[in-house]
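Report on the structure given below.
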Amino acid sequence: MARARAQPRKPAKAKLRNGEIADALDEIADLLDLQSANPFRIRAYRNGARTVRGLGVEISELISQGRDLSELPGIGKDLAVKLVTLAETGKVTLLDELRRAVPPIATELLHLTGLGPKRVRALYEDLDIHSLEQLRRALLDGRVGELPGFGPKLVASLKESIAAGSAPSRRFPRAAVRGTVEHLVAHLEAAPGVERVIVAGSYRRRQETVGDIDILATAEMTKPIMDRFVGYGEVAKVLAEGPTRSTVVLRSGIQVDIRIVPDESYGSALNYFTGSKAHSIALRQLAQKRALKLNEYGVFKGKRRTAGKTEQSVYEALGLTYIDPELRENRGEIEAARAGTLPKLVERRDLRGDLHAHAATADEIAAMAKAARERGLDYLGIAERAEGLDPRRLAQQIAAMDRWNAKGAAPRLLRGVEVDIREDGSLGLADEVLAGLDFVIGSIQTKLALSRQRQTERILRGMRHPRFAILAHPSGRLVEGRPPYDVEMDRVMRAARERGVFVELNAHPDRLELTEVQCRMAKEAGVLVSIASDATRAEELDDLSYGIDRARRGWLEKPDVLNSRPLAALEKQLAATRR
DNA sequence: GCCGTTTTCGGCCCGACTGTTTTCAGTCG
């Protein structure tokens, strides 16, 4: 985890962003841990950090709206004050004091596997270790091995960790591990005596990246499955192996956990292993309040199991309706389940078309159209990038689309263009060209580093253009790559609502623009979302499913999605954007 | 430090596995 102290020092007036505030709270928790403070106080800081990190709307934004931060889950009076101080000054007295009391190396050592607060304290108090180099020497000359609690295996593991350097914990794009997951599940399903094999964890919650793969199996006899698991050909290293739980690392570097339970515990085990951690903790707290106990084996009243065979039964026992895995982040889904107000999430089959595909020549257009038809789409918007698009080529494309439409076959092709919103907010194509099209997609493609204020004004001006219909690439980010550009998304959403235009959820697995929180912002603002493939090749139309994953994690329902509309309704929607 | 459909005080999610121990600390989800 990135430490706040590793960040460059900010000027005092700089407003801290949520990630930095959460890092500061986590660092306080680490330092309190090293001082053997009250464990529940430590947990309170960690809970606070998790709340802030998952918030989506900036703390500084809430402060300027005059909101009471102690209304946030896990934030009380004390933490609310510290959040304000951190957000506005970048500092907080408690953290400064703790940093003075504990050597700087301590928090770094805490993140080495096998080292917790007790052992780290022994290292700097008993051996006076204040750097990784000093630790390396103490490991080699045997001093560490003489400390109580440091055995030969731990010494060897620490030597390995230090030699390997501080490899940052890697996350893998979900799309990249799909093949591995399917192969491994098939491998395990062939084990004798296995009843069910299912992938849980963040993969099942359809997060865009996964840190590891979690597999649940049910069986009476666990050994045949466990043997088959650790004997899998791709396994590079077995980290832990027990009768019901094991962990391995595959050659690709990804970690895989397996858990085996009896079939009558399938639902509760799947629920526990799917997480998220925050969701699971909230459920277990809810169980406590009802004088029940929830664990991976079931829901218990005293010693008697009252539920657990299915996930449905677990939620029912807690007085909740079933919660889709994509929503399980403790971001209000439990309250909504209790109130019976959970969204009915959009599904792939709800999509009637796609409003952002690329095809230049007549042949490419026909191929893309046929691919769209095979995937059940009734309409397809072709929108080439405006740069390098001369009027003659655009006219040829339009002619090719008109010929396709004249045949009357599905899908209906809609004539669009993807145009840059210039730095001054004007659009990168002449008005008379734009006027001849069915729809105009506008996006930021240059000058991504403008200030928050200027970037926001630029987009707002762009959207006011009389032909503007859809804001595409609403963040400019690339998964595991380029960070998003800085923009006041809530202002953009409000302006989109007032202007009556739409926002795109770019489904390309490397992009996935429009975050989960931004999906919810769009929904709350009443802005329809266009889930778009941005396909340049026919098979990339399948990427729409990644857009659906994101939309579901963003609580979107069918009515929230522009391209869930049938063709006639969609054409009305587009017509209404024209001024 | 947070929190309240028994509670404003007295609780705080739960269990498996490893390593180093003979009762516990650390890690994971």
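Letters A, B, ... are given to chains in the order of the sequence lines, protein chains preceding strands, and every chain is numbered from 1. For clarity, every value in this text was computed on a predicted model and none was experimentally measured.
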Any side-chain donor near an acceptor of the partner, A:Asp212 and A:Tyr203, under 3.5 Å: no
Modelled atom types, side-chain donor and acceptor of A:Arg348 and A:Ser545, under 3.5 Å: no
Distance, C1' atom - from B:dT8 to B:dC3, rounded to whole angstrom: 9 Å
Sugar-phosphate, base or nothing in reach of A:Pro117, heavy atoms under 4.0 Å: sugar-phosphate
C1'-based separation of B:dG1 from B:dT5 [nearest Å]: 24 Å
Between B:dG29 (P) and A:Lys277 (NZ): distance, integer Å: 9 Å
Salt-bridge criterion met for A:Arg53 and A:Asp23 (N-O under 4.0 Å): yes
Residue whose closest nucleotide on DNA chain B lies nearer the 5' end, A:Leu94 versus A:Gly275: A:Leu94
Chi class for B:dT21: syn within 90° of 0, otherwise anti: anti
Between B:dT21 and B:dG26 - P atom distance, rounded Å: 13 Å
Touch class at under 4.0 angstrom, heavy-atom based, for A:Leu283 against every strand present: nothing
Distance between C1' atoms of B:dC9 and B:dC14 (Å, rounded): 24 Å
Earlier contact from the 5' end, DNA chain B, for A:Asp214 and A:Ile75: A:Ile75
Contact under 4.0 Å: A:Tyr45 side-chain N or O vs B:dG1 OP1/OP2: yes
salt_bridge(A:Asp26, A:Arg50) N-O dist < 4.0 Å: no
Presence of A:Lys293 side-chain N/O under 4.0 Å of B:dG15 phosphate oxygens OP1/OP2: yes
Nearest-Å distance once atom C1' is located in both B:dC2 and B:dT7: 14 Å
Sugar-phosphate, base or nothing in reach of A:Leu112, heavy atoms under 4.0 Å: sugar-phosphate
Short side-chain donor-acceptor distance under 3.5 Å, A:Ser265 and A:Arg305: yes
Sugar-phosphate, base or nothing in reach of A:Leu79, heavy atoms under 4.0 Å: sugar-phosphate
Side-chain-base donor-acceptor pair under 3.5 Å for A:Asn38 and B:dG1: yes
Whole-angstrom distance between B:dA16 and B:dG11, as gauged at atom P: 25 Å
C1'-based separation of B:dT22 from B:dG29 [nearest Å]: 29 Å
Spacing between A:Leu270 atom CG and B:dG29 atom P, to the nearest angstrom: 16 Å
Nearest-angstrom distance from the residue atom CD of A:Gln288 to C1' of B:dG10: 13 Å
Mate of B:dT8 where both pairing distances stay under 3.5 Å, Watson-Crick or G-U: none
Rounded distance in Å - CG (A:Asp33) to P (B:dA25): 12 Å
Where protein sits on nucleotides 16-21 of chain B, one letter per nucleotide: B base, S sugar-phosphate only, - none, heavy atoms under 4.0 Å: SSSSSS
Touch class at under 4.0 angstrom, heavy-atom based, for A:Lys118 against every strand present: sugar-phosphate
Selection from B:dG1, B:dG29, B:dG15 that lies nearest to any side-chain heavy atom of A:Asp78: B:dG1
A:Arg136/A:Glu133 ion pair, N-O < 4.0 Å: yes
Flag, side chain of A:Asp324 to backbone of A:Glu326, donor-acceptor distance under 3.5 Å: no
Interatomic distance, A:Lys77 NZ vs B:dG1 C1' [rounded to whole Å]: 13 Å
Electrostatic pair A:Glu311-A:Arg328, nearest N-O below 4.0 angstrom: yes
Worked check of side-chain contact (heavy atoms from CB on, under 4.5 Å) between A:Ser268 and A:Glu296: CA-CA 5 Å; A:Ser268 45; A:Glu296 55 265 53; 5.7 Å; no
Atom-to-atom span, CG of A:Leu123 to C1' of B:dG26 - whole angstrom: 14 Å
Sugar-phosphate, base or nothing in reach of A:Phe40, heavy atoms under 4.0 Å: base
Gap between atoms CG and C1', on A:Leu83 and B:dG1 respectively (whole Å): 12 Å
Distance, rounded to the nearest Å, where A:Gln285 contributes CD and B:dT5 contributes P: 13 Å
Touch class at under 4.0 angstrom, heavy-atom based, for A:Leu294 against every strand present: sugar-phosphate
Derivation of the side-chain contact (heavy atoms from CB on, under 4.5 Å) call for A:Asn18 and A:Glu20: CA-CA 5 Å; A:Asn18 288 358; A:Glu20 299 164 311; over 6 Å; no
B:dT23 and B:dT18, which share atom name C1', separated by this distance in whole Å: 15 Å
